[in-house]
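Predicted model only: the values in this text are computed from it and were never measured.
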Amino acid sequence: MEREWVVEESVAIDAAAGDVYAAVADPRRMGDWSPEVFATWVRDRAIEPGARFVGFNRIGRRVWFTTCQVTVALPGEAFAFRVSTFGMPVALWGYRIEDVGDASAPRTRLTEYWEDLRRDGRAATVAALLGRVFTGVPAERRAEVNRAGMRATLDRIRAGVRRA
């Protein structure tokens with residue numbers, strides 16, 4: 001099987017695009033949604049392009065952290081961030097938010113996407129090796145693991161935003 005470099009999953013949510021954006025664009029809430037992220041530490045007050053945060057992650061007994069920087073923050077439309085480890089690029093994570101409802105019934109399509117940035121050069125090789133050591137997941141299986149995690153994340157966001 002050929003390695004996947006990009007994965008995306010979508011879900012429809014019975015909520016306004018602004019409410020969905022508020023849920024995904026606050027790194028402090030990632031632990032509420034993601035099956036891997038259990039905490040975040042946000043370095044900057046405003047969550048805007050350039051803002052940095054650290055994600056603390058877990059799979060089973062394995063725990064690791066990543067450094068993240070917001071690349072896109074468009075209220076009601078999109079939120080994305082780059083992930084690195086020890087200064088080496090790892091991935092791009094993001095959300096696209098589309099208003100697909102009407103005034104009487106707000107509805108939003110939320111798409112979560114991931115792109116593996118560990119493609120070429122020594123840094124990519126080292127980052128892939130560190131990923132396997134810390135997470136237990138070889139780079140060749142990361143897309144599969146992320147797809148399952150995205151489905152869980154999107155289900156949690158859908159349930160959480162509808163309750164709010």
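Under the 4.5 Å side-chain heavy-atom criterion for grouping Ile, Leu, Val, Met, Phe, Trp and Tyr, Val72 is not connected to Ile97 through any hydrophobic cluster. Hydrophobic clustering, with ILVMFWY side chains joined whenever heavy atoms are under 4.5 angstrom apart, keeps Leu117 apart from Val7. Linking Ile, Leu, Val, Met, Phe, Trp and Tyr whenever their side-chain heavy atoms come within less than 4.5 Å leaves Phe134 and Val90 in two separate clusters.
Ion pairing of Asp26 with Arg29 is absent here, as no side-chain N (NZ or NE/NH1/NH2) approaches a carboxylate O to less than 4.0 Å. Arg158 and Glu9 are not joined by a salt bridge, as no carboxylate oxygen comes within less than 4.0 angstrom of a charged side-chain nitrogen. Salt-bridge check for Arg147 with Glu4: passed, with a basic side-chain N closer than 4.0 Å to an acidic carboxylate O.
Within a 6.0 Å sphere centred on CZ of Phe65, other residues, nucleotides and ligands contribute 12 heavy atoms or fewer.
Looking at every heavy atom in both residues, Asp116 comes nearest to Arg119 through O-NE, 3.1 Å. Between Asp44 and Ala51, the shortest heavy-atom distance links the atoms OD2-CA, 3.2 Å. The two atoms that bring Pro89 and Ala127 nearest to each other are O-CB, 4.0 Å, heavy atoms only. The two atoms that bring Thr153 and Pro35 nearest to each other are OG1-CD, 3.3 Å, heavy atoms only. Nearest heavy-atom pair, Ala23 versus Trp33, reported as atom, atom and distance to 0.1 Å: O-NE1, 3.0 Å. The shortest heavy-atom contact between Val42 and Pro27 is CG2-CB, 4.0 Å.
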Check: Between Thr67 and Val83, is a side-chain contact (heavy atoms from CB on, under 4.5 Å) present by the stated rule, with each step listed?
Finding: CA-CA 6 Å; Thr67 305; Val83 177; over 6 Å; no
Notebook entry, point to check: Does the pair Ile47 and Val70 meet the rule for a side-chain contact (heavy atoms from CB on, under 4.5 Å), with working shown?
Noted result: CA-CA 7 Å; Ile47 305 301; Val70 175; 4.2 Å; yes
Margin query: Before you tell me yes or no, could you show the steps for Val63 and Phe38 under side-chain contact (heavy atoms from CB on, under 4.5 Å), namely the whole-Å CA-CA distance, both residues' side-chain angles and the distance that decides it to 0.1 Å?
Written below: CA-CA 10 Å; Val63 177; Phe38 67 87; 3.8 Å; yes
Next item on the list: Would you check, one step at a time, whether the test side-chain contact (heavy atoms from CB on, under 4.5 Å) holds for Ile13 with Arg107?
Entry: CA-CA 6 Å; Ile13 301 174; Arg107 190 167 175 84; over 6 Å; no
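The stretch residues 58-71 participates, sequence neighbours left out, in no salt bridge (Lys or Arg N to Asp or Glu O under 4.0 Å) pair at all. Applying the side chain to side chain donor-acceptor pair (under 3.5 Å) test to every pair with at least one member in residues 84-106, sequence neighbours left out, gives these pairs: Glu8-Arg96, Tyr95-Glu112, Glu98-Arg109, Asp102-Ser104.
The residue from Gln69, Arg43, Met30 that alone fulfils the side-chain contact (heavy atoms from CB on, under 4.5 Å) condition with Phe53 is Met30.
If you take CG on Asp155 and CZ on Arg151, they are separated by 10.0 Å, rounding to the nearest 0.5 Å. Going from atom CE of Met88 over to atom OG1 of Thr125 covers 10.5 Å, rounded to the nearest 0.5 Å. The distance from the CG atom of Leu92 to the CZ atom of Arg82 is 6.0 Å, given to the nearest 0.5 Å.
Contact check for Val133 versus Trp64: no side-chain heavy atoms found under the 4.5 Å cut-off. Side-chain contact check for Thr66 versus Asn57: some heavy-atom pair is nearer than 4.5 Å. Counting heavy atoms from C-beta outward, Val11 and Ile157 have side chains that stay 4.5 Å or more apart. Contact of the Val137 side chain with the Glu144 side chain is not registered, since no non-hydrogen atoms from C-beta on lie closer than 4.5 Å. A heavy-atom distance below 4.5 Å is not found between the side chains of Val54 and Cys68. Residues Ile59 and Glu36 are in side-chain contact: their nearest non-hydrogen atoms beyond the backbone lie under 4.5 Å apart. Taking 4.5 Å as the limit, every side-chain heavy atom of Tyr113 sits out of range of all side-chain heavy atoms of Val6. Proximity of Glu77 to Tyr21: side-chain heavy atoms (C-beta onward) are nowhere separated by under 4.5 Å.
Side chain of Arg28 to backbone of Thr40: no donor-acceptor contact under 3.5 angstrom is found.
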